[in-house]
Every structure is written in C-alpha cells, then in structure tokens.
J.: 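First the structure, which I've put down as structure tokens, then a few questions once you've had a look.
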Amino acid sequence: MLSLEGVTVAFGRQVAVDGVDLDLDDGHVLAVLGPSGSGKSSLLRAVAGLEPLRSGTVRWDGADLAGTPTHKRGFALMFQDGQLFDHLTVARNVGYPLRLRGAGRTAVRRRVADLLDLVGLGGYGDRLPRTLSGGERQRVALARSLAAEPRLLLLDEPLSALDAELRVRLAADLRRILRESATTALLVTHDQEEAFAVADRLAVMREGAVVQQGTTAEVWAHPADPATALFLGYARVLTGDAAAAVLAAAGRPAAPAVAVRRSALAARRASTSPGTAEGEPGGLAASVVAVRATPDEVRLVVDVEGVGEVDAVGAPGWLPAPGDAVTLRVDAARLAVLP
Ligand code: ADP
Ligand code: MG
C-alpha cells in the first residue's frame, strides 16, 4: 500500500504541498480533489519521484522510497493529454512498456489485444493516434499505462481535456477498468464529478494541504467546512437563523451552519387558498428574485422569509416571474450540517 507522511514540496519559498498525510490501500482508487494551483500535480509528481521532497516520506508497503528513482518505483503516470507516440500505431503504443521489458512478440500481441478490449478499443490496433478522437486517445493512454501492470497508477486530470458528455461516459468506464484490472490508483482532479464518478475515496486539497478525507459518500454528505462544501458543489452555506429555518423545514434539529444544494429546495407556485397552505407542513414561503430556465429544470433565486436569498429549482416548463410567491419543500437528504 501507498502511505504518505508529512509530504512537503516547495519551489523556493513557495510551499506547493504542505505536510500531506495520505494512505491508499491496494485495489482502491483515491481521488485528490482541489482547485487549480492547490498542489495536486506537485503531490503526484512527488509520489512518482519526479519532485524532491522538502520533508516527509513516501512509503510503499512500509518501505521508504526516498532512494528509489522514478523508473524503479513500479508506478505508471497518465496525464491529461495522454502523451501518445504519434508515429506509432495504437498497438505499438500500448505494447511499448512490454517491449521495453523484453517481452516476446506473441506475449505482447496477446496482452495488447486484451488491454484494447478492456478499454473498449478492440480492433483499433493498426490505427495511428491522429486518427482517433480525444476520448479514444485517452483510452489508448490508459491501456498503455496498464500494460506494465504498475503497482500504482497515477492519473493527473486524465479526463479534463475532454468535453463534458464524453468526460462523464469515460469516467464511468475508467472506474470499471480500474476495478476489473484491480488497479490501485491515485487520481488528482479539480472536477468533483470526475472524482465522485471514478474514485471510492476522496481527499480534498486546498492551498497545499489535505483538509478532508474519507469515502466519497462521507465527504459528499459531511463537508468539513464551508469552503469545502462550496467547492463540492453546494450552492450556499447558511448560518444562524437562516440555517435554523431551513433545518426546521426539513424536520432536522437546529445547527449553527448548513450547506444547501440547489436541488434541496424545490419550489412550486404558492397556493392562494389558505386552506391548502395549511396542508403543506414544513413548506417555506418565499418570493421569486430571479429565474433561469434550463432543459432539465427552472433555476430560481428566491427570497425566503427569515432566511434571505437562496437557490431553488422548479419543474421544467413552469416559468414564474420575479415577485411571484412560491412555496419551497426542503429535501433533508440534500443538506449537509457543517461542524
Ligand atoms: P495543481 O496541480 O493543483 O493545479 P500544482 O501542483 O501544479 O497545482 O501547483 C501548485 C503551486 O506550485 C502553484 O502555485 C504553482 O504555481 C507552483 N508550482 C508548481 N510547479 C512549479 C515549478 N516547477 N516551479 C515553481 N512553482 C511551481
Ligand atoms: Mg495540476
């Protein structure tokens, strides 16, 4: 297993990675999630042995890797742009690490075919990289990274260069491929969807430090602090009376701070008949401030009595106007009470 203790990387006076502790068990996939410039690539390079440590240790199965050069660590690295050899066919790209090790021609051919099947590119062996789409190129890069059976795969924003739809599809494939090949992987990314789709554990990084780690579900449901919640895609963090009002409407005990996803607040037209309004326990009365329609939902900013402005969603096709009265239903599963 991989174990980092107090890993610090500095460039001159600038500390890019600041005392990071992380453990990664065999067969698991850990995503380090953080905004651009938070030190993710520096951390990955330090694990690979490409960046010297200012202090701390990187261990594999308990053994300090300080004296082990990059090519002897048994790790593979994959980057955003794949870095394929453009003049080599797909098969020769994938087989490259095997030939480097002196594997026989038949063994290479068989293994390459298996790897191309694994990444969904069976039959692509004779193609040249420039004839492939961005997603296909990344699959080839992944197959090549897996060819040498690395004991650890290091992935630096492997899907970030792809368009949104492809990224989502390939993220699910990447998860399956890593599972099926029982690969231990450390992925760094700024994209929370990518992290959640691919990894089973998550470490949130900010300004060089890991501020939270746990399973993806734990981190998602219990962000450590307001900045983490906002980075994870929560729309707002409410405190004081606003937090109390929203939690009460959700049937949850009061707390000093609560992070609210946009989808936690479902808006619909306020009933004009008082009789019906009483039949809506827990609903929050609000008025519409701003409206934006998307194909999936209507995104609203609403002003809630005793809470202030919050984000909410409405059913598609319903277009309320600013000033309209609405009722909000609060979905407790889409709130996170902050410590
Ligand atoms: P991320 O991958 O999260 O975007 P990086 O690890 O690339 O973050 O960078 C973290 C910080 O370290 C940034 O402020 C960056 O400018 C700095 N940095 C990274 N590499 C170098 C380098 N080779 N020389 C000087 N500063 C660097
Ligand atoms: Mg980076």
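Please read all numbers here as calculations on a predicted model, not as lab measurements. Heads up: numbering here begins at 1 and tracks the sequence. Indexing begins at 1, ligand by ligand and atom by atom, following the structure's order.
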J.: Which protein N, O or S atoms lie under 2.8 Å from the Mg ion (ligand 2)?
T.: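 Counting only protein N, O or S atoms under 2.8 Å from the Mg ion (ligand 2), the list reads Ser41 OG.
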J.: Considering all heavy atoms of both residues, which atom of Val307 and which atom of Ala245 are nearest to each other, and what is their separation?
T.: CG2-CB, 3.5 Å
J.: Is a salt bridge present between Asp324 and Arg269, judged by a nitrogen-to-oxygen distance below 4.0 Å?
T.: no
J.: Evaluate whether atom CD of Glu207 has more than 12 neighbouring non-hydrogen atoms of other residues, nucleotides or ligands under 6.0 angstrom away.
T.: no
J.: Out of curiosity, is Gly12 lining ligand 1, as in a heavy atom under 4.0 Å away?
T.: no
J.: Could you tell me which residues satisfy ring pair (Phe, Tyr, Trp, His ring centres under 6.0 Å) with Phe196, sequence neighbours excluded, listed by chain and number?
T.: Trp220
J.: Could you tell me which atoms of ligand 1, counted from 1 in the order shown, lie closer than 4.0 angstrom to a heavy atom of Pro35?
T.: 3 (O)
J.: Taking transitive links into account, so neighbours of neighbours count too, which hydrophobic residues share a cluster with Val301 at under 4.5 Å side-chain distance?
T.: Val289
J.: Between Arg334 and Asp331 (salt bridge meaning N to carboxylate O under 4.0 Å), is one present in this structure?
T.: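 Yes, charged N to carboxylate O under 4.0 Å.
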J.: Using 4.0 Å as the upper bound for N to carboxylate O, is an ion pair formed by Arg137 and Asp86?
T.: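 Salt bridge between Asp86 and Arg137, a charged N being under 4.0 Å from a carboxylate O: yes.
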J.: In terms of residue, atom name and distance, what is the protein heavy atom nearest to atom 8 (O) of ligand 1?
T.: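 Heavy-atom neighbour on the protein nearest atom 8 (O) of ligand 1: Gly39 N, 3.1 Å.
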J.: What protein heavy atom lies closest to atom 7 (O) of ligand 1? Include the residue and the distance to one decimal.
T.: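 That would be Ser41 CB, 3.8 Å.
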J.: Restricting to pairs with a member in residues 21-43, which pass salt bridge (Lys or Arg N to Asp or Glu O under 4.0 Å), not counting sequence neighbours?
T.: Lys40-Glu157
J.: Quick one: nearest non-hydrogen protein atom to atom 27 (C) of ligand 1, plus distance?
T.: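 Going by distance alone, atom 27 (C) of ligand 1 is nearest to Phe11 CD1, 3.3 Å.
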J.: Looking at Arg111 and Glu149, does any basic side-chain N land under 4.0 Å from a carboxylate oxygen?
T.: yes
J.: Around Glu193, counting heavy atoms of other residues, nucleotides and ligands shown, do more than 12 lie under 6.0 Å from its CD?
T.: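 No.
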J.: What protein heavy atom sits nearest atom 6 (O) of ligand 1, and how far off is it?
T.: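 Atom 6 (O) of ligand 1 sits closest to the protein heavy atom Ser42 OG, 2.6 Å.
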J.: Report the part of Gln14 in contact with ligand 1, treating N, CA, C, O as backbone and CB onward as side chain, heavy atoms under 4.0 Å; options are side chain, backbone, both, neither.
T.: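 It is the side chain that touches ligand 1; the backbone stays farther off.
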J.: Under 3.5 Å, is there a donor-acceptor pair linking the side chains of Arg206 and Thr228?
T.: yes
J.: Which residue holds the protein heavy atom closest to atom 12 (O) of ligand 1, what is that atom called, and what is the gap in Å?
T.: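 The protein heavy atom lying closest is Ala16 CB, 3.4 Å.
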J.: Purely on distance, is any nitrogen or oxygen of Gly37 under 3.5 Å from one on ligand 1?
T.: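 So ligand 1 has an N or O lying under 3.5 Å from an N or O of Gly37.
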J.: To which protein heavy atom is atom 3 (O) of ligand 1 closest, and what is the distance rounded to 0.1 Å?
T.: Lys40 NZ, 2.8 Å
